Amino acid sequence: MIRLIASDMDGTILRDGAQALPPRIIPILHGLIGRGFLFTAASGRQYANLRRLMGPLADDVDYVCENGAFAVHKGEITYKAALDRELGRELMADILAVPDCEVQLSGVDTAYIQPKRPAYTEHLRNVLKNNITEVDDIFSTSEDYIKISAYVHGDRTEEYLERFKARWGSRFTLASTCPHWIDFVPPNIHKGRALKALLDVLGIPQEEVMAFGDNYNDLEMLALAGESYAVSTAKPEVIAACRHTCKYVEDVLERLL
């Protein structure tokens with residue numbers, strides 16, 4: 001029996017760069033929650049951004065944020081991991097050395113940026129609607145390093161993804177979950193570990209979990225779930241790793257409802 005549904009957002013529920021939930025999914029989720037199902041939004045996005053996305057359901061769901069760096073249940077952080085500081089500084093220096101790339105350093109409640117171009121700040125603030133803090137020296141921040149991402153100006157994301165993989169692929173899982181963005185996820189931080197910590201708090205076994213994803217940073221979460229779904233636009237390796245494939249998450253959830 002399924003008791004908890006966990007889903008990636010960008011590329012899975014949010015398609016083609018969407019910054020709002022598809023209207024059809026909101027009443028479905030509301031109905032499932034009303035019948036006792038639990039829903040976890042599991043994403044590379046920050047906590048504040050995910051709450052904005054969930055809108056009227058923000059207080060009724062749980063969260064796995066920043067690719068599994070921390071998990072939130074009923075507004076409280078129940079699990080948190082941090083990136084090694086020296087490794088993070090080395091990575092940020094490498095990203096900043098690329099003229100077309102910007103760094104986003106995530107904390108729990110805000111993302112720190114040292115913008116090279118105004119368009120980057122504009123995108124974060126007015127398109128993604130992230131909580132951001134501009135700093136003169138990103139290496140001087142004192143908060144734990146929750147996640148590091150690269151923002152790529154122009155249409156060269158895939159090119160830079162391969163370039164960064166050559167340098168950093170042995171130390172991080174790299175994923176481009178939406179246009180312009182490259183996430184660097186260390187081996188000890190992933191959605192699967194954060195979701196397992198959340199399941200332990202809730203007392204829910206893995207076989208009672210249904211999970212949805214589309215990219216490499218979803219693999220550990222999908223492997224954890226008793227019922228795993230890849231959307232049809234997912235990476236081939238993700239489709240191969242899942243028990244099922246679907247076109248839209250809401251199709252499966254509607255049947256479950």
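Values reported hereafter were calculated over all heavy atoms of this structure, with side chains retained and with hydrogens, waters and symmetry mates removed. Everything quoted here is computed from the prediction, not taken from an experiment. Numbers here are sequence positions counted from 1.
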- prompt: In Å and rounded to the nearest 0.5 Å, what is the CD1 to CZ distance from I182 to F164?
  reply: 6.0 Å
message: Over 60° means perpendicular and under 30° means parallel, so tell me whether H180 and H123 are parallel, tilted or perpendicular.
response: perpendicular
field: Aromatic centroids of F70 and Y63 separated by under 6.0 Å
entry: no
- prompt: OG1/T40 to CG/D62 distance, rounded to the nearest 0.5 angstrom?
  reply: 4.5 Å
Min side-chain heavy-atom separation I95-E102 under 4.5 Å: no
query: Rounded to the nearest 0.5 Å, how far apart are CG of L199 and CD of E208?
result: 10.0 Å
query: Transitively linked via ILVMFWY side-chain contacts under 4.5 Å: L83 with F139?
result: yes
Pairing of D60 and K74 as salt bridge, 4.0 angstrom limit: no
task: Please check if the side chain of R51 supplies one atom and the backbone of L57 the other of a donor-acceptor pair under 3.5 Å.
output: no
field: Transitive ILVMFWY side-chain link Y248 to M54, under 4.5 Å
entry: no
task: Check whether the side chains of Q104 and Y112 place a donor and an acceptor atom closer than 3.5 Å, and report yes or no.
output: no
message: Please report the interatomic distance CG(L91) to CZ(R171), rounded to the nearest 0.5 Å.
response: 8.5 Å
query: If you measure from SG on C65 to CG on L50, what distance do you get to the nearest 0.5 Å?
result: 5.5 Å
Nearest heavy-atom neighbours spanning A225 and M210: CB-C, 4.4 Å
field: H153 atom NE2, neighbour heavy-atom count above 12 within 6.0 Å
entry: yes
field: Side chains of T245 and S232, donor plus acceptor under 3.5 Å
entry: no
task: Quick one: closest heavy-atom pair of S228 and A241, and the distance?
output: OG-O, 4.3 Å
message: When you group the ILVMFWY residues by side-chain heavy-atom contacts below 4.5 Å and let the links chain together, are I146 and F184 in the same group?
response: no
field: Intermediate values then yes/no, side chain to side chain contact (heavy atoms under 4.5 Å, CB included), L38 and I5
entry: CA-CA 6 Å; L38 302 176; I5 302 148; over 6 Å; no
query: So do F212 and I13 actually touch side chain to side chain, heavy atoms under 4.5 Å?
result: no
- request: Take T12 and S7 through the side-chain hydrogen bond (donor to acceptor under 3.5 Å, both in side chains) test and state the conclusion after the steps.
  value: CA-CA 7 Å; T12 302; S7 182; 5.4 Å; no
message: If you define the side chain from C-beta out and look only at heavy atoms, does anything of N130 sit under 4.5 Å from R125?
response: no
- prompt: Cut-off 3.5 Å, side chains only: do E66 and S106 have a donor facing an acceptor?
  reply: yes
field: Reported CD-to-OG1 distance for the pair E143 and T133, which is rounded to 0.5 angstrom
entry: 9.0 Å
message: Run Y229 and C242 through side chain to side chain contact (heavy atoms under 4.5 Å, CB included) and show every step you take.
response: CA-CA 6 Å; Y229 284 81; C242 288; 5.8 Å; no
- prompt: Can you tell me if CG on D155 sees more than 12 non-hydrogen neighbours from other groups inside 6.0 Å?
  reply: no
task: Take I113 and Y120 through the side chain to side chain contact (heavy atoms under 4.5 Å, CB included) test and state the conclusion after the steps.
output: CA-CA 9 Å; I113 62 170; Y120 175 47; 3.5 Å; yes
field: Side chain to side chain, H190 and T173, heavy atoms closer than 4.5 Å
entry: no
query: When you check the side-chain N and O atoms of Y47 and D109, is any donor under 3.5 Å from an acceptor?
result: no
message: Count I, L, V, M, F, W, Y as connected when their side-chain heavy atoms are under 4.5 Å apart, and connections chain through other members. Are I189 and Y145 then in the same cluster?
response: no
- request: Kindly check if the number of other-residue, nucleotide or ligand heavy atoms within 6.0 Å of CG (D137) is above 12?
  value: yes
statement: When every non-hydrogen atom of M221 is compared with those of A42, the smallest separation belongs to SD-CB, 3.5 Å
query: Cluster question for you: counting only ILVMFWY and a side-chain heavy-atom cut-off of under 4.5 Å, with indirect links fine, are M9 and V231 together?
result: yes
- line: Looking only at heavy atoms, the pair that brings I138 and T141 closest together is O-OG1, 3.2 Å
message: One pair to check against side chain to side chain contact (heavy atoms under 4.5 Å, CB included): W181 and D10. What are the steps and the verdict?
response: CA-CA 11 Å; W181 288 100; D10 291 286; over 6 Å; no
Test item: L128 and N49 side chains (from C-beta on) under 4.5 Å apart, heavy atoms: yes
Polar contact flag, side-chain donor to acceptor under 3.5 angstrom, S149-D183: yes
- request: Answer yes or no: is there an ion pair linking R15 with D214, defined by an N-O contact shorter than 4.0 Å?
  value: no
field: Lys/Arg-Asp/Glu bridge criterion (N-O < 4.0 Å) met for R85, D144
entry: no
- prompt: Just wondering, do W168 and D94 contact through their side chains at under 4.5 Å, heavy atoms?
  reply: yes
query: Any side-chain heavy atom of Y216 sitting closer than 4.5 Å to one from K235?
result: yes
